[in-house]
Student: 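Just dropping this structure here.
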Protein chains: 2
Amino acid sequence: MVIWMDDQELIDLFRENGFKVTAQRLAICKFILSRGDHPSTDQVYHALKIDYPTISLGTVYKTLDLLEELGLIQKLRFNESNIRYDPDLQLHINMVCTKCGKIYDYKAENIQNMWNVIISDLGIKPKGQRIDIYFECDDCK
Amino acid sequence: MVIWMDDQELIDLFRENGFKVTAQRLAICKFILSRGDHPSTDQVYHALKIDYPTISLGTVYKTLDLLEELGLIQKLRFNESNIRYDPDLQLHINMVCTKCGKIYDYKAENIQNMWNVIISDLGIKPKGQRIDIYFECDDCK
DNA sequence: GTAACTGCAAACGCTTTGCACTCCC
DNA sequence: GGGAGTGCAAAGCGTTTGCAGTTAC
């Protein structure tokens, strides 16, 4: 799922939380929020290097950490060693191809219903969740 | 959940798959299979160093990779940088405390039923899965 | 006897940190 | 003007790799 925020909403969010608005921040933020495939730090970095040739990996890491703090994205580690960033904090299933590593999101109403049952059985207040299914995607079969 | 295999079953499993049986392998394997809390490589290493003072981290890594290949355990990465090993390949929920990092397994029949529904909706043959819930455990509240 | 395994140490890759320079406000 | 953010490079740290010595079979 792609979460839409316009520039002004992003700018307000940064300012409200006491952070300055920079071109890099906006660019990283807009890039990650527009992608449904959980890019890695490196992918963000290389994609933005085209329009922002001086951008650094450090800035990408720091900004993505900031976005996690602000509750806009979730960091995920799969079995590869790098971090991936998921802009969807709502309940969904990460369908991970074990061959090519592509990730497809899957959302359905019945998942939410089932989840509600589980949470109520557990009697806890969850702060987040993650559901993965590992499979071989059509391209890799 | 703790999966029980006796020594002879382990030994047979190694031999059947063309691997030699060594004291280190047996020890690492028995240790990880007996633990429900998803130890890290380092934890395995330090725990075994008591009885096997010459054991090395490299051997622990290699053996745990081997156990994953044999289908006995699953590697999991959480937001910490290290790898954790889960000896339960059956469907369960990893309840992860966001403060202390402890992991509790949760299993219930209705989860399996719900899961079956989702899988059949998706129309895929999953090769594995992972379900996490992040929360604050009683000790950390 | 020999092929596989262990232990050690070096190499590796991703992430974090420190710091001088820059830019937002 | 001042403090936060950027870019760069170095440091950090968990993991992997290579290899000589050892052990299972």
Side-chain angles (χ1 to χ4, degrees), chain A residues 7-8 10-29 31-32 38-46 48-70 73-85 101, chain B residues 7-8 10-29 31-32 38-46 48-70 73-85 101:
Chain A
D7 285 21
Q8 195 55 52
L10 277 177
I11 292 173
D12 291 347
L13 183 71
F14 285 139
R15 296 233 169 101
E16 278 160 24
N17 287 278
F19 299 110
K20 289 184 176 169
V21 177
T22 68
Q24 293 91 325
R25 266 187 191 161
L26 277 181
I28 294 169
C29 195
F31 179 81
I32 201 77
H38 313 54
S40 64
T41 321
D42 214 57
Q43 285 176 298
V44 176
Y45 172 67
H46 283 107
L48 294 180
K49 198 134 184 93
I50 299 164
D51 287 334
Y52 302 83
T54 68
I55 206 167
S56 73
L57 253 182
T59 297
V60 174
Y61 275 105
K62 284 169 194 162
T63 303
L64 291 169
D65 279 350
L66 175 65
L67 297 185
E68 192 190 32
E69 263 178 60
L70 290 175
I73 62 173
Q74 180 181 23
K75 282 192 196 178
L76 294 180
R77 279 178 186 266
F78 295 89
N79 276 358
E80 325 134 5
S81 51
N82 55 15
I83 300 175
R84 281 160 167 267
Y85 301 88
Chain B
D7 285 20
Q8 195 54 51
L10 276 177
I11 291 172
D12 291 347
L13 182 73
F14 285 139
R15 296 233 168 98
E16 278 161 25
N17 286 277
F19 299 111
K20 290 186 176 167
V21 177
T22 67
Q24 294 91 327
R25 265 187 192 161
L26 277 181
I28 293 168
C29 195
F31 179 80
I32 201 77
H38 312 56
S40 64
T41 321
D42 214 58
Q43 285 176 299
V44 176
Y45 173 66
H46 283 107
L48 295 180
K49 199 133 184 95
I50 299 164
D51 287 333
Y52 301 84
T54 68
I55 205 167
S56 73
L57 253 181
T59 298
V60 174
Y61 275 106
K62 285 168 193 162
T63 304
L64 291 169
D65 279 350
L66 175 66
L67 297 184
E68 192 190 32
E69 263 178 60
L70 290 176
I73 62 173
Q74 179 182 23
K75 281 192 198 180
L76 294 180
R77 279 178 186 267
F78 295 89
N79 277 357
E80 324 134 4
S81 51
N82 55 15
I83 300 174
R84 281 160 167 267
Y85 302 88

Student: Does a nitrogen or oxygen in the side chain of A/Thr59 sit under 4.0 Å from OP1 or OP2 of D/dG7?
Tutor: yes
Student: Donor-acceptor pair, distance only, cut-off 3.5 Å: does the side chain of A/Gln43 make one with the backbone of A/Ser40?
Tutor: yes
Student: What is the distance, rounded to the nearest whole Å, between atom CG of A/Asp12 and atom C1' of C/dC24?
Tutor: 16 Å
Student: Write down the distance between CG (B/Asp42) and P (D/dT16), rounded to a whole number of angstrom.
Tutor: 14 Å
Student: Indicate whether the side chain of A/Thr41 and that of A/Tyr85 have a donor and an acceptor atom separated by less than 3.5 Å.
Tutor: yes
Student: To the nearest Å, give me how far apart CD (B/Gln43) and P (D/dG14) are.
Tutor: 12 Å
Student: Taking the side chain of A/Lys20 as heavy atoms from C-beta outward, which of C/dC25, D/dC25, C/dT6 is closest to it?
Tutor: C/dC25
Student: Just how far is it from atom CD1 of B/Ile55 to atom NZ of B/Lys49, taken to the nearest 0.5 Å?
Tutor: 8.0 Å
Student: When you measure from the side chain of A/Arg25, which nucleotide among C/dG7, C/dT6, D/dG5 comes out closest?
Tutor: D/dG5
Student: Counting just side-chain N and O atoms, does B/Arg15 come under 4.0 Å of either OP1 or OP2 of D/dC25?
Tutor: yes
Student: Please give, in whole Å, the distance from D/dC13 C1' to B/Leu57 CG?
Tutor: 12 Å
Student: Nearest to the side chain of B/Val21 - C/dT6, C/dG18, D/dC25?
Tutor: D/dC25
Student: Nearest-nucleotide wise, let me know which of B/Gly58 and B/Phe19 is further upstream toward the 5' end of DNA chain C.
Tutor: B/Phe19
Student: Indicate yes or no for a side-chain donor-acceptor contact from B/Arg84 to the backbone of B/Phe78 under 3.5 Å, with no hydrogens or angles considered.
Tutor: no
Student: In whole Å, I'd like the distance from the CZ atom of A/Phe14 to the P atom of D/dT6.
Tutor: 9 Å
Student: Between atom OH in B/Tyr85 and atom P in D/dG14, what is the gap in whole Å?
Tutor: 13 Å
Student: Measure the distance from NE2 on B/His46 to P on D/dG14 and round it to the nearest whole Å.
Tutor: 11 Å
Student: So, does B/Arg15 use its side chain to make a donor-acceptor pair with the main chain of B/Phe19 at under 3.5 Å?
Tutor: no
Student: Taking the nucleotide of DNA chain D with the nearest heavy atom to each, does B/Arg77 or A/Lys49 sit closer to the 5' end?
Tutor: A/Lys49
Student: May I ask you to evaluate whether A/Thr22 reaches the phosphate of C/dC23, defined as a side-chain N or O under 4.0 Å from OP1 or OP2?
Tutor: no
Student: Does D/dG7 have OP1 or OP2 sitting under 4.0 Å from an N or O in the side chain of A/Gln24?
Tutor: yes
Student: Expressed as a whole number of angstroms, how long is the span from A/Glu80:CD to C/dC14:P?
Tutor: 10 Å
Student: Touch check for B/Ser40, heavy atoms < 4.0 angstrom, all strands: base, sugar-phosphate only, or nothing?
Tutor: nothing
